[in-house]
Amino acid sequence: MQEWSAAEAEAGPDVVASDRDAPVIATRALTKRYRGGQLAVDGLDLTVPAGSVFGFLGPNGSGKTTTIRMLMGLIEPTSGTARVLGRPMPRSSRAVLPHIGALIEGPALYGFLSGRDNLLRYDAADPTADPSTRRTRVGAALDRVGLTTAAGKKAKAYSLGMKQRLGLAAALLQPRRLLVLDEPTNGLDPQGMREIRSLVRELASDGTTVFLSSHLLDEIEQVCTHAAVMAQGRLITQGAVADLAAGARGRLVVTTPDVSDAARVLKEQGVADVVVAEDRVTCEPPDRELADVNAALVTANVRVRGFGVERASLEDAFVALTGEGFDVAG
Ligand SMILES: Nc1ncnc2c1ncn2[C@@H]1O[C@H](COP(=O)(O)OP(=O)(O)OP(=O)(O)O)[C@@H](O)[C@H]1O
Ligand SMILES: [Mg+2]
């Protein structure tokens, strides 16, 4: 891999903005072993395409936050490399970070200040932020995350979900090329989660690449174009969400009041893994014409109410890849 000279690494933001088709995040064998020996991230090769909504998925303790901290230059990797917006991290933090809006686990807030004053203060600490537009931008960010009515309340009186929204608002104070959101829906109720999802879609349609971590499979499936799956510090798979789910086959589902006859006919038709549950019989889809299988059921007087292949979910893919459920790592 090409190495950057010190001069390039120190060059201004124009260099960062130059190649819009290059991956926004690329890591090679990125590894973090904490003092005390915990191997939190193990040889990670991650590629985040420009313009994607990239879901970084993994159970608790799988290394998501540790990876994000390395990407943001907050901690040094033990070995391996990370490039963000084409530049090596943490070395190019100064050039890269102004282009990134970030929400990382437990946003730091001043409890004695209101939500609005927290954002004003946060923005004032950013040398690239224009003071003349500060109040307007803070107001717009509060509005985007649904905190306008609570903006005057002291942050210490905020619920976890409200703190999370305020952290997100801080990431939205300026237009960014990349948003890095660590568990953005943590602490939110279902309505709040829906709002964040639609906000993420909105930001993505403006051209911002969004990298978000989650331990919720269906959340990733609903909002992300691409995903990577982590387990115990290792990357299990990454790619377009549609491809990941397609890698696992969905199941053929027959809905019928005649489940035992249906199961028998399906077995006679040579399909594998026939499972009966209430008024449904499911099995692996056979390689042959499905219409013939349906016809065989009907010919055997099975009353078929529903017949079709259910789309495989990311969870099916995860289970197929790991042979386990999506549970918390030890
Ligand atoms: N500062 C630290 N010192 C030592 N070990 C740590 C430290 N931070 C995290 N770990 C360990 O590293 C592993 C990965 O943790 P990390 O926080 O990156 O996981 P995560 O995927 O973000 O989990 P969660 O979904 O719970 O946020 C865990 O086993 C954790 O206990
Ligand atoms: Mg975490």
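Quick note: residue numbers are just sequence positions, from 1. All ligand and atom numbering here is 1-based and tracks the order in the structure.
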| query | When you check the gap from the basic side-chain N to the acidic O, do R144 and D206 get nearer than 4.0 Å? | reply | yes

| said: Is it the case that the side chain of K64 and the backbone of F56 share a donor-acceptor pair, with hydrogens and angles ignored and the cut-off at 3.5 Å? | reply: no

| note | Scanning both residues in full, the closest heavy-atom pair of D45 with A29 reads OD1-N, 2.7 Å

| task | May I ask you to list the atoms of ligand 1 that are less than 4.0 angstrom from any heavy atom of A40? | result | 12 (O), 13 (C), 14 (C)

| request: Answer yes or no: is there a side-chain heavy-atom contact under 4.5 Å between L166 and V145? | output: no

| field | The one among Q232, R33, K64, H215 that brings a heavy atom closest to atom 25 (O) of ligand 1 | value | K64

| message | Heavy atoms only: which of G37, G61, G36 lies closest to atom 23 (O) of ligand 1? | response | G61

Identify every side-chain donor-acceptor pair in residues 295-307 under 3.5 Å, counting partners at least two apart or on other chains, and give the distances.
{"residue": "T299", "atom": "OG1", "partner": "A295", "partner atom": "O", "Å": "2.7"}
{"residue": "R303", "atom": "NE", "partner": "D258", "partner atom": "OD2", "Å": "3.0"}
{"residue": "R303", "atom": "NH2", "partner": "D258", "partner atom": "OD1", "Å": "2.7"}

| Any idea which part of Q38 is under 4.0 Å from ligand 1, heavy-atom wise: side chain, backbone, both or neither? | side chain

| Residues R251, D273: salt bridge by 4.0 Å N-O rule | yes

| Any N/O/S of T65 under 2.8 Å from the Mg ion (ligand 2)? | yes

| task | Taking Y110 for its side chain and D117 for its backbone only, find out whether a donor-acceptor pair lies under 3.5 Å. | result | no

| said: With nothing but distance in play, are any N or O atoms of T66 less than 3.5 Å from an N or O of ligand 1? | reply: yes

| What do you reckon, does N60 have a nitrogen or oxygen under 3.5 Å from a nitrogen or oxygen of ligand 1? | yes

| request: Decide whether the shortest distance between a heavy atom of E183 and an atom of ligand 1 is less than 4.0 Å. | output: yes

| Any G58 heavy atom less than 4.0 Å from ligand 1 | no

